[in-house]
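Comments concern the structure below.
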Amino acid sequence: MERWEGRLAPTPPFSLALTAGYQTYFQGQVGADRFQNGVYSRLLVRNGRPVLLQVAGSSSPEDPNHPLLRIQVVAPTLAQEDIAWAVERASWILHTDADLRPLYTRLQEDHTLRPLLPALYGLHPPRMPSVFEGLVFAICGQQVSSVVARRIRTALVERFGEPMDWDGQVWRAFPSPERLWETGVKGLREVGLSQRKAEYILDIARQAVEGSLPLEALAYSPSPEVEARLTPLRGIGRWTVEWVLLRGLGRPEVFPAGDLALQRLLARLYNHGSPLSAEEARMLAERWGPWKGYVAVLLFAGARLGLFPSLR
DNA sequence: AGCCAGGCTCTCG
DNA sequence: CGAGAGCATGGC
């Protein structure tokens with residue numbers, strides 16, 4: 001096993017605890033992501049070979065205003081290109097170059113969120129390593145509760161993800177389209193997916209393998225184009241596309257107003273508890289302008305961390 | 001026990 | 001078109 005160590009300087013403010021914590025639902029592990037003892041770990045696959053990424057803070061306690069990360073890359077063999085690629089992937093996932101200051105400026109007038117900003121300071125909206133993973137991840141979360149979604153996502157990785165032994169642990173990558181395609185409906189149902197969702201995922205995996213669906217090229221495409229490419233896919237509706245855009249690709253302006261949990265949060269925090277329709281939620285979010293997507297992330301983070309006194 | 005969860009498709013008026 | 005059934009699993 002070969003190992004490389006380096007540094008990463010995110011755009012301040014940046015908090016690894018919050019950013020990697022959010023990526024793992026503040027639960028330590030979800031899917032292929034782990035955040036344990038202050039170290040964010042993720043096994044990736046490059047050209048069919050495993051590459052383990054580990055990121056830790058360089059000071060303790062961390063100082064979001066002067067962030068500096070230590071990054072370690074581990075693989076059976078490591079070429080220069082592998083290292084550059086791994087560093088780029090780490091920056092992508094942790095969204096280290098996101099600039100939060102305009103968001104914070106806008107939220108100065110938000111009486112609900114402003115009190116939480118100190119506790120959420122430096123939370124960069126993390127992203128999924130691939131568009132494929134973002135899509136599968138979102139499909140797993142359709143309709144079911146977040147607890148069920150987490151279980152299924154993790155089971156998918158535990159069952160089908162390529163393993164790598166290192167440091168006394170087994171690390172697993174998110175399964176490739178090829179791996180899921182050969183798994184078939186039966187295998188996917190064994191991790192708790194419905195017949196329908198298994199078919200959606202296999203359909204997408206097959207198209208990705210065949211090359212008829214250039215998913216990864218969408219990572220830097222304009223949001224409307226991503227929506228136009230993904231919505232025609234079976235099993236992909238507006239909710240799923242918006243979560244891929246926000247949670248998978250980190251688009252600041254995409255607000256998943258159709259999300260039931262988000263609607264309920266907005267109802268309690270901004271509408272005196274009265275239920276909101278998707279359209280009402282979308283209109284309400286207009287006040288956050290091009291940052292409404294990041295606001296959705298803050299709302300979920302605040303809720304998961306129990307930061308809203310009124311939700312107790 | 002039964003209903004609802006961070007939706008979507010398919011079917012039927 | 002709009003409404004409604006069905007889906008997997010876990011928690012309340």
Side-chain angles (χ1 to χ4, degrees), chain A residues 21-27 29-31 33 125-128 133-160 180 183-205 207 227-251 254-271 275-282 284-285 292-308 311-312:
Chain A
Y22 188 79
Q23 180 81 339
T24 51
Y25 288 66
F26 304 103
Q27 303 279 322
Q29 174 177 10
V30 176
D33 288 301
R127 302 183 276 202
M128 311 303 288
E133 178 173 341
L135 256 179
V136 174
F137 193 85
I139 291 171
C140 290
Q142 288 174 355
Q143 209 281 333
V144 294
S145 68
S146 58
V147 176
V148 173
R150 279 206 302 274
R151 265 189 54 88
I152 294 174
R153 289 160 178 164
T154 303
L156 202 55
V157 169
E158 295 291 323
R159 186 75 79 93
F160 305 115
L180 290 185
T183 294
V185 170
K186 189 161 168 239
L188 292 185
R189 295 208 56 172
E190 284 169 16
V191 301
L193 288 161
S194 65
Q195 174 78 25
R196 271 283 205 20
K197 287 185 187 175
E199 290 171 6
Y200 301 158
I201 291 170
L202 285 177
D203 222 35
I204 291 165
Q207 294 182 61
E227 184 172 357
R229 291 301 296 258
L230 295 184
T231 307
L233 299 175
R234 191 162 167 256
I236 309 302
R238 188 171 188 183
W239 179 91
T240 306
V241 171
E242 291 187 324
W243 274 112
V244 168
L245 283 168
L246 176 58
R247 197 60 191 72
L249 304 181
R251 302 295 164 92
V254 175
F255 191 83
D259 187 287
L260 186 55
L262 187 52
Q263 285 168 16
R264 292 174 25 150
L265 272 178
L266 292 175
R268 290 148 86 184
L269 295 171
Y270 291 93
N271 207 33
L276 283 166
S277 70
E279 273 329 297
E280 288 167 330
R282 213 171 279 288
L284 193 156
K292 51 186 172 299
Y294 287 0
V295 170
V297 170
L298 290 182
L299 288 170
F300 277 111
R304 282 179 206 153
L305 290 170
L307 299 178
F308 293 107
L311 296 187
R312 295 282 176 176

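Here is how names work: the chains are called A, B, and so on, in the same order as the sequence lines, proteins then strands, and each is numbered from 1. Note that these values count all heavy atoms, side chains included, but never hydrogens, waters or copies made by symmetry.
Heavy-atom minimum distance, A:A261 versus A:F300: CB-CE2, 4.0 Å. Across all their heavy atoms, A:A281 and A:Q263 have their closest contact at CB-CG, 4.3 Å. Here the closest non-hydrogen pair linking A:F308 and A:L299 is CE1-O, 3.5 Å. Across all non-hydrogen atoms, the minimal contact from A:G141 to A:A149 is CA-CB, 3.8 Å. Nearest approach of A:L262 to A:A296, heavy atoms of both residues: CD2-CB, 4.1 Å.
Among the heavy atoms of the strands, none lies under 4.0 Å from A:L262. Using a 4.0 Å heavy-atom cutoff across all strands shown, A:Q263 reaches no nucleic acid atom at all.
For A:R151, the listed nucleotide lying nearest its side chain is C:dG10; candidates were C:dC7, C:dG10, B:dG6.
Heavy-atom distances to DNA chain B give each of A:L233 and A:Y25 a nearest nucleotide, and the one nearer the 5′ end belongs to A:Y25.
Rounded to whole Å, the P atom of B:dG6 lies 12 Å from the corresponding atom of C:dC12. Distance check on atom P: C:dA8 versus B:dT11 gives 16 Å, rounded to whole Å.
Against DNA chain B, the stretch residues 138-150 of chain A makes heavy-atom approaches under 4.0 Å through A:G141, A:Q142, A:Q143, A:V144, A:S145, A:S146. Shown for residues 236-250 of chain A: no residue has heavy atoms falling under 4.0 angstrom of DNA chain C.
At a threshold of 4.5 Å between non-hydrogen side-chain atoms, the residues A:L188 and A:F160 count as touching.
Formation of a donor-acceptor pair under 3.5 Å by the A:R282 side chain with backbone atoms of A:F255 is found in this model. For A:T154 (side chain) and A:R151 (main-chain N/O), no donor-acceptor pair under 3.5 Å exists by modelled atom type. Remark: the backbone N or O of A:F137 is paired with a side-chain donor or acceptor of A:R153 at under 3.5 angstrom.
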Q | Pair A:R247-A:Q23, side-chain hydrogen bond (donor to acceptor under 3.5 Å, both in side chains): steps then yes or no | A | CA-CA 9 Å; A:R247 197 60 191 72; A:Q23 180 81 339; 2.8 Å; yes
Q.
Go through it in stages, so that I can follow the logic: the residues are A:V241 and A:V254, the test is side chain to side chain contact (heavy atoms under 4.5 Å, CB included), and I'd like the CA-CA distance, side-chain angles, deciding distance and then a yes or no.
A. CA-CA 10 Å; A:V241 171; A:V254 175; over 6 Å; no
**Q.** Check against side chain to side chain contact (heavy atoms under 4.5 Å, CB included), A:E199 and A:L202
**A.** CA-CA 5 Å; A:E199 290 171 6; A:L202 285 177; 5.8 Å; no
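Rounded to whole Å, atom P of B:dG7 lies 6 Å from atom CG of A:D259. As rounded to whole Å, 14 Å separates atom C1' of C:dA8 from atom CZ of A:R153. The nearest whole Å value for the distance from the CG atom in A:L156 to the C1' atom in C:dA8 is 14 Å. Rounded to whole angstrom, the span from the NZ atom of A:K197 across to the P atom of B:dG6 amounts to 12 Å. B:dC10 atom P lies 13 Å from atom CD of A:Q195, rounded to whole Å. In this structure, the CG atom of A:L260 is 14 Å from the C1' atom of B:dC8, given to the nearest Å. Look at CZ on A:F137: it is 14 Å from P on B:dG7, rounded to the nearest Å. Spacing between atom CZ of A:R304 and atom P of B:dG6 amounts to 11 Å, rounded to whole angstrom units.
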Sub-3.5 Å pairs of nitrogen or oxygen atoms, protein against nucleotides 4-6 of chain C:
unit_1	atom_1	unit_2	atom_2	d
C:dG6	N2	A:R196	NH1	3.4

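With hydrogens and angles left out, the side chain of A:R234 and the base of B:dG7 share no donor-acceptor pair within 3.5 Å.
Take A:T231 and apply the side-chain hydrogen bond (donor to acceptor under 3.5 Å, both in side chains) test, not counting sequence neighbours, and it matches no residue. Among residues two or more places apart in sequence or in another chain, the salt bridge (charged side-chain N to carboxylate O under 4.0 Å, His left out) test is passed with A:E190 by A:R159.
For the atom pair A:T240 OG1 and A:Q142 CD, the distance stands at 4.0 Å (nearest 0.5 Å).
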Q | Secondary structure of DNA chain B in dot-bracket form (Watson-Crick or G-U wobble, distances below 3.5 Å, | marking inter-strand pairs) | A | .|||..|||||||
